[in-house]
There are 2 protein chains.
Amino acid sequence: MNPKNQKPEPLACDPMSLIAIKDTLQLLSGKWKIQIAGLLFRSGRMRFMDLQRAIDGIGVKMLSRELQELEENKIVSRTVMDTKPVTVEYELTAHGRTLEGVIVAISDWGVTHRNHLFKQPSV
Amino acid sequence: MNPKNQKPEPLACDPMSLIAIKDTLQLLSGKWKIQIAGLLFRSGRMRFMDLQRAIDGIGVKMLSRELQELEENKIVSRTVMDTKPVTVEYELTAHGRTLEGVIVAISDWGVTHRNHLFKQPSV
DNA sequence: GAAACTAGTTTCCTGAATGAAAGTACCTGA
DNA sequence: TCAGGTACTTTCATTCAGGAAACTAGTTTC
C-alpha cells in the first residue's frame with residue numbers, strides 16, 4: 001500500500017514560524033510584489049506609468065496584475081484621480097506599511113551581502 | 001519605430017535598494033528556500049529526510065535541488081556523516097545565518113498579520 | 001482627423017517551476 | 001534474500017508565471 005518511495009507524514013514539529021513564512025511568501029509571491037512594495041515604501045504615492053518606469057523590466061500586464069493582487073490583500077490602495085486624462089495613484093495602506101521590516105531586511109541583506117551573492121562574482 | 005505600446009526607459013531613480021531587493025529575491029527564489037533556511041535557522045543541523053518530513057508538501061526532487069542551490073550560494077553546508085547507512089546533514093553557514101533578519105522579519109510578519117492575510121479570512 | 005498621452009485588458013506563446021513516480025546505490029536486520 | 005532505511009537522480013508530464021504585442025477607451029494637442 002505504501003509506495004516504495006518516501007512519502008513521510010509531516011513531523012509533529014511543524015513550527016508556527018514555518019507556516020507563517022509560507023503565508024507571507026504566498027502573499028508576496030511573484031517576481032515583482034516586493035519590489036513594488038519597496039518602491040512605494042520609499043516613494044509614497046506613485047502613478048501606474050511611473051511605477052513601470054521605475055521598476056526595471058516589468059511589463060504592463062504583470063504590473064497591472066501584481067497591483068491588483070496587492071490591492072486585494074489590502075497591501076496597496078488604488079486611487080483614481082480626477083484629472084484629464086485620468087491618472088491612478090497607488091500607495092501602501094497602513095497594513096502595507098507594516099511590511100517595512102520585511103522590505104528593509106531584504107533590501108539591507110542584499111546591500112550588505114552583494115559581494116557574497118551568486119557565488120561571489122567578480123564584481 | 002517606437003511600437004505603439006509602452007516601453008519606457010527606466011527612470012534615473014532606480015534606487016540601490018530596489019536592485020538589492022531583486023538580488024536577494026533571486027538568491028532565495030523558488031517556493032521552498034526561505035522555508036528551508038528558516039527551519040535550519042531554528043533547528044540547527046538537519047538530515048535530508050528530516051527536512052522533508054518537517055516541510056509540509058515538499059518532494060524529494062525539489063528538496064534536493066533547492067539544497068543544491070543554497071549550497072552553491074554558500075547559504076547552506078552539506079556534510080556527509082560517517083554512519084551506516086550514510087546520512088547527510090545540512091546546516092546554515094555563517095553567511096546563511098546572516099539571513100536571520102530576513103527570516104525573522106518574514107516569519108514575524110506572518111504571525112502578526114495572520115488575521116489580515118488573504119482578505120481577512122474567517123479564521 | 002491623426003498622434004499621443006493616460007491606464008489598463010486580452011490574447012497568444014514560451015520556458016521555467018514543480019510534482020509524481022521510478023530508478024540508482026549502498027547498507028542493515030530479520 | 002528480501003524488506004526497509006539512508007540519500008539521492010532521472011524521467012516524464014503538467015501547470016503556471018511571465019512577456020510581447022495588440023486592442024479598448026477616453027482626452028488632449030497638433
Legend entry - Residue closer to the 5' end of DNA chain C, Met62(B) versus Pro85(B) (nearest nucleotide):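 That would be Met62(B).
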Nearest to the side chain of [X], heavy atoms from C-beta on, is which of [options]?
X	options	value
Met49(A)	dT6(C), dA7(D), dT18(C)	dT6(C)
Val88(B)	dA7(D), dT6(C), dC12(D)	dA7(D)
Tyr90(A)	dC8(D), dG8(C), dT18(C)	dG8(C)

Phosphate-side-chain proximity, [X] and [N], N/O vs OP1/OP2 below 4.0 Å:
X	N	answer
Arg53(A)	dT6(C)	yes
Arg78(A)	dA7(C)	no
Lys84(A)	dT29(D)	no
Lys31(B)	dG19(C)	yes
Gln68(B)	dT9(D)	yes
Ser64(B)	dC8(D)	no

Legend entry - Met49(B) reachable from Leu70(B) in the ILVMFWY side-chain graph, under 4.5 Å edges: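 Result: yes, single cluster for both.
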Inset, instruction - Go through the steps to decide whether Val86(A) and Met81(A) satisfy the test side-chain contact (heavy atoms from CB on, under 4.5 Å), and finish with yes or no. - result: CA-CA 6 Å; Val86(A) 298; Met81(A) 306 302 287; over 6 Å; no
Inset, instruction - Starting from the C-alpha separation in whole Å, work towards a yes-or-no answer on side-chain contact (heavy atoms from CB on, under 4.5 Å) for Val80(B) and Glu89(B). - result: CA-CA 6 Å; Val80(B) 179; Glu89(B) 293 189 347; over 6 Å; no
Tell me: [atom1] of [X] to [atom2] of [N], nearest whole Å?
X	N	atom1	atom2	value
Ile55(A)	dG19(D)	CD1	P	12 Å
Lys61(A)	dC13(C)	NZ	P	13 Å
Trp32(A)	dG18(D)	CH2	P	8 Å
Leu67(B)	dA7(D)	CG	C1'	11 Å
Glu71(B)	dA7(D)	CD	P	15 Å
Met81(B)	dC27(C)	CE	C1'	17 Å
Gln52(A)	dA21(D)	CD	P	13 Å
Gln26(B)	dG18(D)	CD	P	13 Å

Inset, instruction - Flag the pair Lys33(A) and Glu66(A) as a salt bridge only when some basic side-chain nitrogen lies within less than 4.0 angstrom of an acidic carboxylate oxygen. - result: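 Here Lys33(A) pairs with Glu66(A) in a salt bridge, since their nearest N and O are under 4.0 Å apart.
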Inset, instruction - Report the residue (Ser29(A) or Val86(B)) whose heavy-atom-nearest nucleotide on DNA chain D is the more 5′ of the two. - result: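 The residue mapped nearer the 5' terminus is Val86(B).
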Inset, instruction - Could you tell me whether Arg47(B) contacts a base, only the sugar-phosphate backbone, or nothing, with contacts defined as non-hydrogen atoms closer than 4.0 Å? - result: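 It contacts sugar-phosphate atoms only.
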Inset, instruction - Under 4.0 Å between any heavy atoms, over every strand shown, what does Glu89(B) touch: base, sugar-phosphate, or nothing? Just pick one. - result: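 Nothing, no nucleic acid heavy atom in range.
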Inset, instruction - Tell me, with the steps shown, if Ser77(B) and Glu71(B) meet side-chain contact (heavy atoms from CB on, under 4.5 Å). - result: CA-CA 6 Å; Ser77(B) 69; Glu71(B) 200 193 347; 5.9 Å; no
